[in-house]
Amino acid sequence: MSASPVPGDPVPGAVVTRFAPSPTGFLHIGGARTALFNWLYARRHGGRFLLRIEDTDRARSTDAAIAAILDGMRWLGLDWDGDEYYQSQFAGRHAEVAHELLQRGHAYRCWMSQEALAAQRASAQAERRPFRIESEWRDCDGREGEGPSVIRLKAPREDETAIEDKVQGRVTVQNAELDDFVLLRSDGTPTYMLAVVVDDHDMGVTHVIRGDDHLNNAFRQLAIVKAMGWPEPVYAHVPLIHGQDGAKLSKRHGAVGVEAYRDALGILPEAMFNYLLRLGWGHGDDETISREEAVRWFDLDGVGRSPSRFDLKKLENLNGHYIREAADERLAGLIAPRIAALVGRDLDRDAIALLGRAMPELKPRARTLDELAEGATFLLRARPLDMDDKATALLEGEAADLLALVHRHLSALAEWSQEATERAVREVAEAEGVKLGQVAQPLRAALTGRATSPGIFDVLVLLGREESLGRIGDRMAVAG
RNA sequence: GGCCCCAUCGUCUAGCGGUCCAGGACGUCGCCCUUUCACGGCGAAAACACGGGUUCGAUUCCCGUUGGGGUCACCA
C-alpha cells in the first residue's frame with residue numbers, strides 16, 4: 001500500500017513544514033494527526049515546524065478558539081518553532097500579490113454579479129454539464145465595468161497539471177477542469193486559496209503535508225505558484241480520518257476535538273500521540289511506539305493511501321498501556337480533581353499521597369483516567385460508605401456473621417500487614433469451613449462499597465487499621 | 001452528476017511477483033492464573049471486493065466492474 005516512489009526531492013536543503021488550522025473551537029482529531037505528521041517530518045529531518053492560524057474568518061476566530069488549538073498542540077507535545085503566525089496579519093501582502101498577478105496578466109478584474117454567476121450555475125445544472133465560471137472579463141482588453149470587482153486568476157485552460165504527491169503518488173488533472181477562482185474579494189480581502197499560497201511561500205514552507213480534502217485545491221494553488229514563478233512545494237496529502245460509519249469525521253460522530261478525549265475520558269497525551277501515529281501509518285508490527293522512535297522512524301512513504309476509521313476501543317487499550325507505564329505520582333495528581341468531584345471535597349496532600357501508594361493496584365484496572373478515578377474513590381469516601389446493589393447483595397445472609405468474625409480476628413492483630421491480615425481472614429474461612437471468597441467478598445463490600453476492587457489485603461493495608469475496622473463496624477451496625 | 005482518490009480479518013495494519021492454505025495489534029470467544037475485577041499467559045474464529053489480462057507464477061503489476069471516500073463558494 002505504499003505510495004509510488006517520487007524520484008528526487010525537488011527542494012533540497014532544510015525542511016520546513018507547517019500546520020495551518022482554522023480556529024473552530026478545538027483541535028480536531030484529524031487536524032491533530034496532520035499536525036503530528038508535519039511535526040514528525042520536520043523533526044525527523046532536522047527541519048522547522050511552523051504553526052499558522054488561518055484566522056481569515058474573523059467572526060469564527062475568537063481568542064478562545066485559538067487558545068484551544070494551541071492548548072491541544074502543547075498537550076500533545078507538538079512544539080512549533082518560533083511564534084505562531086496569524087494569517088490575518090498578512091492580508092496586505094496577499095493583496096499585493098493579487099495585484100502583481102493582475103499586472104503580469106495572470107489575473108483579471110471581474111465585475112460579474114453574484115446573480116449572473118448563479119444563473120450560469122443554474123443553467124449548467126439544468127443542462128447537466130459541469131459548471132465552470134465563464135467570465136466575459138477574462139479577455140476584455142482593458143475594458144472596465146462598474147462598481148466593485150473581484151480579482152480572478154486567469155487559470156490555464158490547455159494541457160494538464162501533475163502533482164507528484166508524496167503520499168498519493170502522481171495525480172493529474174486536466175487544466176480545463178480548473179476555473180478562474182477568486183483571489184481577492186470585492187472588499188479587497190484575500191481568499192483562502194491565495195492566502196495559503198502566499199503565506200507558504202513567504203514562510204519558506206518546503207513540504208505541505210495536509211488532509212486529503214485539499215488535494216483538489218492543490219491544483220488551484222499550484223496555478224498561483226506557477227504564475228508567480230515560485231518554487232513548488234512538495235505535497236503530501238494524507239487520507240482523512242473517518243468515523244465508524246466510514247464518512248469523514250465530523251461533529252455528528254460525537255467528540256471530535258482532542259481535548260474532549262483528554263477531559264471527558266481521561267486519555268493520556270502519549271496514548272493519543274501513539275494512536276494517531278498508528279492511524280494510517282505503520283512500522284512493521286510495532287504497536288507501542290515512543291516519541292523518540294516515532295521521530296526516528298516516521299516517513300511519508302509509510303503513510304497509507306486509504307482513509308482509516310477512528311477506533312475508540314483501540315485508543316482506550318493503548319491508553320491503558322500508558323497508564324500502567326506512567327509514574328504513580330503523576331497519575332495521582334491527574335485523577336485528584338476527578339476524585340474531588342466524585343467525593344465532593346478537595347483532596348489534601350495526605351489524600352493524594354494515598355492515591356499514589358494505591359496506584360500500583362489501581363493502574364492495571366483502568367483504561368482511562370476516568371476509570372482510574374472511579375476505581376480509586378473508595379479510598380477517600382466518607383464513612384459510612386454507600387453500598388451499590390452488588391455490594392448490598394454480598395452482605396446479605398450469613399455474610400453478616402462472617403463479617404463479625406473477621407472484625408474480631410482483625411482487631412486482635414498485633415501487626416497490620418498484608419501477610420497478617422491475610423492469615424487472619426483465611427483462618428476465619430477455614431474455621432467456618434467456607435471458601436475464602438465467601439469471606440473476602442462481603443469484606444470487600446464492607447470496605448469499598450463495591451463488588452470489585454483491588455486485592456482485598458491490599459485494600460486493608462491501604463485503608464489502615466482504624467479505617468478498615470471502622471468500615472466493617474459500620475456494616476455490622478447496619479446488620480444489627 | 002463532473003473531477004480526483006481509495007480497496008488485505010469487524011477495526012488499525014504487515015506484505016513492496018514465488019518465503020502467504022497471508023503475519024501482528026484492537027475487539028470478540030474459550031482456557032489458565034485467582035478472594036472480585038483487571039493485568040498477565042495460552043488458544044480459537046476472522047481478510048487478499050469481483051472480472052479480465054501480464055507472467056512459469058499474482059495479495060503484490062495493468063485494465064475494467066462494483067463498492068467507498070473526497071471535492072466542486074467573493075468558507076477555510
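Only this structure's heavy atoms are used, side chains among them; waters, hydrogens and symmetry mates stay out.
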Engineer: Backbone N or O of A/Leu447 within a donor-acceptor pair of the A/Arg471 side chain at under 3.5 Å?
Structural biologist: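 Between the backbone of A/Leu447 and the side chain of A/Arg471 there is a qualifying donor-acceptor contact (under 3.5 Å).
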Engineer: Say whether A/Asn38 and A/His207, considering side chains only, have a donor N or O and an acceptor N or O under 3.5 Å apart.
Structural biologist: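 Result is no, nothing qualifies.
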Engineer: Over all strands shown, is A/Lys435 touching base, sugar-phosphate only, or nothing at heavy-atom distances under 4.0 angstrom?
Structural biologist: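 Since no nucleic acid heavy atom lies under 4.0 Å of A/Lys435, the category is nothing.
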Engineer: Please pick, from B/C74, B/A25, B/C39, the nucleotide with the shortest atom-to-atom distance to any side-chain atom of A/Val150.
Structural biologist: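 Nearest to the side chain of A/Val150 among the choices is B/C74.
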Engineer: In this structure, is the centre-to-centre distance between the rings of A/Tyr275 and A/Phe310 below 6.0 Å?
Structural biologist: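 Judged by ring-centre distance (under 6.0 Å), A/Phe310 and A/Tyr275 do meet the cut-off.
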Engineer: Mind checking if A/Phe457 touches a base, just sugar-phosphate, or nothing, with heavy atoms under 4.0 Å?
Structural biologist: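 Counting heavy atoms under 4.0 Å across all strands, the contact made by A/Phe457 includes a base.
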Engineer: Compare the minimum distances between each of B/C37, B/C74, B/U35 and the side chain of A/Val182, then state the nucleotide with the smallest one.
Structural biologist: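 Taking heavy atoms from C-beta onward, the closest nucleotide is B/C74.
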Engineer: Expressed as a whole number of angstroms, how long is the span from A/Gln168:CD to B/U71:C1'?
Structural biologist: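 Result: 13 Å.
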Engineer: What is the pairing partner of B/G2, taking Watson-Crick or G-U wobble pairs with both distances under 3.5 Å in any strand?
Structural biologist: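 WC or wobble partner is B/U71.
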Engineer: Under a 3.5 Å limit for both distances, which nucleotide forms a Watson-Crick or G-U wobble pair with B/C61, could you say?
Structural biologist: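 In the structure as shown, B/C61 has B/G53 as its Watson-Crick or wobble partner.
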Engineer: Starting the side chain at C-beta, find the nucleotide from B/A76, B/C74, B/U13 nearest to A/Ser308.
Structural biologist: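 My answer, after comparing the listed nucleotides, is B/U13.
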Engineer: Please work out if A/Pro454 contacts a base, only the sugar-phosphate, or nothing of the nucleic acid, heavy-atom cut-off 4.0 Å.
Structural biologist: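 Answer is base: heavy atoms of A/Pro454 come under 4.0 Å of a base.
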Engineer: Remember a base hit wins even if backbone is also touched, and classify A/Gly455 as base, sugar-phosphate or nothing at under 4.0 Å, heavy atoms.
Structural biologist: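 Result for A/Gly455 = base.
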Engineer: Give me the distance, rounded to whole Å, that separates B/G68 from B/G30 when you measure between the P atoms they each carry.
Structural biologist: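 My reading of the P atoms in B/G68 and B/G30 gives 35 Å.
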Engineer: In this structure, how many angstroms lie between the P atom of B/C74 and the CZ atom of A/Arg109, rounded?
Structural biologist: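 It works out to 17 Å between those atoms.
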Engineer: Once you apply a heavy-atom cut-off of 4.0 Å, does A/Arg426 come out as touching a base, just sugar-phosphate, or nothing?
Structural biologist: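 Counting heavy atoms under 4.0 Å across all strands, the contact made by A/Arg426 is with sugar-phosphate only.
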Engineer: Can you tell me the base-pairing partner of B/C42? Count Watson-Crick or G-U wobble geometry only, both distances below 3.5 Å, and say none if there is no partner.
Structural biologist: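 Paired with B/G30.
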Engineer: When you compare B/A22 with B/G41, how far apart are their P atoms, in angstrom units rounded to a whole number?
Structural biologist: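 Comparing P positions in B/A22 and B/G41 gives a spacing of 24 Å.
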Engineer: Ignoring the backbone of A/Arg305, work out which of B/G24, B/C6, B/C39 is nearest its side chain.
Structural biologist: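 Closest of the options to the side chain of A/Arg305: B/C6.
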Engineer: Describe the nucleic acid contact of A/Glu54 in one word from base, sugar-phosphate, nothing, applying a heavy-atom distance below 4.0 Å.
Structural biologist: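 Result for A/Glu54 = sugar-phosphate.
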Engineer: Does A/Asp187 reach a base, just sugar-phosphate, or nothing at all? Heavy atoms under 4.0 Å.
Structural biologist: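 Counting heavy atoms under 4.0 Å across all strands, no contact is made by A/Asp187.
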Engineer: Closest nucleotide of RNA chain B for A/Val171 versus for A/Thr191: which of these residues is on the 5' side?
Structural biologist: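 Nearest-nucleotide comparison on RNA chain B picks A/Val171.
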Engineer: Under 3.5 Å, is there a donor on one side chain and an acceptor on the other for A/Asn319 and A/Thr368?
Structural biologist: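 Side chains of A/Asn319 and A/Thr368: no pair found under 3.5 Å.
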Engineer: Whole angstroms only, please: what is the OH-P distance between A/Tyr85 and B/A76?
Structural biologist: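 Going from OH in A/Tyr85 over to P in B/A76 covers 21 Å.
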Engineer: If you check every side-chain atom of A/Gln441, which of B/C74, B/U36, B/C3 has the closest atom?
Structural biologist: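 The nucleotide sitting nearest to the side chain is B/U36.
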Engineer: I want to check one thing: is the phosphate of B/G27, taken as OP1 and OP2, less than 4.0 Å away from some side-chain N or O of A/Asn317?
Structural biologist: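 So the side chain of A/Asn317 is within the cut-off, an N or O lying under 4.0 Å from OP1 or OP2 of B/G27.
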Engineer: With respect to the side chain of A/Lys314, which nucleotide from B/G24, B/A38, B/G70 is positioned closest?
Structural biologist: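 Output: B/G24.
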Engineer: Among B/U35, B/C37, B/U71, which is the nearest nucleotide to the side chain of A/Arg444?
Structural biologist: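 Of B/U35, B/C37, B/U71, B/U35 is nearest to the side chain of A/Arg444.
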Engineer: Taking any heavy-atom pair under 4.0 Å as a contact, classify A/His242: base, sugar-phosphate, or nothing.
Structural biologist: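 Result for A/His242 = sugar-phosphate.
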Engineer: Categorize A/Arg324 for me: base, sugar-phosphate, or nothing, with a 4.0 angstrom heavy-atom threshold over every strand shown.
Structural biologist: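 Sugar-phosphate contact only.
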Engineer: Rounded to the nearest 0.5 Å, how far apart are CG of A/Asp245 and NE2 of A/His253?
Structural biologist: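 Answer for the CG-NE2 pair, A/Asp245 versus A/His253, is 3.5 Å.
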Engineer: Is A/Arg309 close enough to B/G69 that one of its side-chain N or O atoms is under 4.0 Å from OP1 or OP2 there?
Structural biologist: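 A/Arg309 to B/G69 OP1/OP2: no side-chain N or O under 4.0 Å.
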Engineer: Look at all strands and tell whether A/Leu215 reaches a base, only sugar-phosphate, or nothing, counting heavy atoms closer than 4.0 Å.
Structural biologist: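 Counting heavy atoms under 4.0 Å across all strands, the contact made by A/Leu215 is with sugar-phosphate only.
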Engineer: Separation of A/Gln244 atom CD from B/G27 atom P, in whole Å?
Structural biologist: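 So the CD-P distance, A/Gln244 to B/G27, works out to 14 Å.
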Engineer: Please give the distance between the C1' atoms of B/A58 and B/G69 as a whole number of Å.
Structural biologist: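 Approximately 27 Å lies between the C1' atom of B/A58 and that of B/G69.
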Engineer: Under 4.0 Å between any heavy atoms, over every strand shown, what does A/Leu240 touch: base, sugar-phosphate, or nothing? Just pick one.
Structural biologist: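 Sugar-phosphate contact only.
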Engineer: With RNA chain B as reference, determine whether A/Leu315 or A/Arg132 sits nearer its 5' end, using the nearest nucleotide of each.
Structural biologist: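 Closer to the 5' end of RNA chain B: A/Arg132.
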Engineer: Taking the minimum atom-to-atom distance to the side chain of A/Arg278, which one of B/A38, B/C12, B/C3 wins?
Structural biologist: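 Within the option list, the nearest is B/C12.
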Engineer: Aromatic rings A/Phe90 and A/His94: how do their planes relate, parallel, tilted or perpendicular, breaks at 30° and 60°?
Structural biologist: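 Rings of A/Phe90 and A/His94: perpendicular, as their planes differ by over 60°.
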Engineer: Measure from the side chain of A/Asp311, starting at C-beta and using heavy atoms only, and say which of B/A76, B/C6, B/U11 lies closest.
Structural biologist: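 The nucleotide sitting nearest to the side chain is B/U11.
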Engineer: Can you tell me the base-pairing partner of B/A25? Count Watson-Crick or G-U wobble geometry only, both distances below 3.5 Å, and say none if there is no partner.
Structural biologist: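 Across any shown strand, B/A25 pairs with B/U11.
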Engineer: Rounded to whole Å, how long is the line connecting atom CD of A/Gln120 with atom P of B/G2?
Structural biologist: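 Atom-to-atom, A/Gln120 to B/G2, this comes out as 20 Å.
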Engineer: How is A/Thr172 classified with respect to the nucleic acid when contacts are heavy atoms under 4.0 Å: base, sugar-phosphate, or nothing?
Structural biologist: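 The residue A/Thr172 makes sugar-phosphate contact but no base contact.
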Engineer: Tell me, do A/Leu265 and A/Glu316 make a side-chain contact under 4.5 Å, heavy atoms counted?
Structural biologist: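 Yes, their side chains come closer than 4.5 Å.
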Engineer: Whole Å only: how far is the CG atom of A/Leu436 from the P atom of B/C33?
Structural biologist: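 Whole-Å distance recorded here is 16 Å.
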Engineer: Once you round it to whole Å, what is the distance between C1' of B/C5 and CD1 of A/Ile241?
Structural biologist: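 Taking atom C1' of B/C5 as the reference, CD1 of A/Ile241 is at 17 Å.
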Engineer: Before we go on, tell me: are the rings of A/Phe298 and A/Trp281 under 6.0 Å apart, centre to centre?
Structural biologist: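 Between A/Phe298 and A/Trp281, the centre distance is under 6.0 Å.
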Engineer: Would A/Arg291 pass as a cation-pi partner of A/Phe273, given that its NZ or CZ must be under 6.0 Å from the six-membered ring centre and within 45 degrees of the axis?
Structural biologist: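 Yes, a cation-pi geometry.
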Engineer: Looking at every strand, decide which applies to A/Thr56 at a 4.0 Å heavy-atom threshold: base, sugar-phosphate, or nothing.
Structural biologist: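 It contacts sugar-phosphate atoms only.
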Engineer: In whole Å, I'd like the distance from the CZ atom of A/Arg210 to the P atom of B/C5.
Structural biologist: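 Taking CZ of A/Arg210 and P of B/C5, I get 16 Å after rounding.
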Engineer: If the C1' atom of B/C62 is compared with that of B/A25, how far apart are they to the nearest Å?
Structural biologist: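 These two C1' atoms come out 33 Å apart once rounded.
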Engineer: Counting any heavy atom closer than 4.0 Å, what does A/Gln114 reach on the DNA or RNA strands: base, sugar-phosphate only, or nothing?
Structural biologist: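 Base contact - A/Gln114 has a heavy atom under 4.0 Å of at least one base atom.
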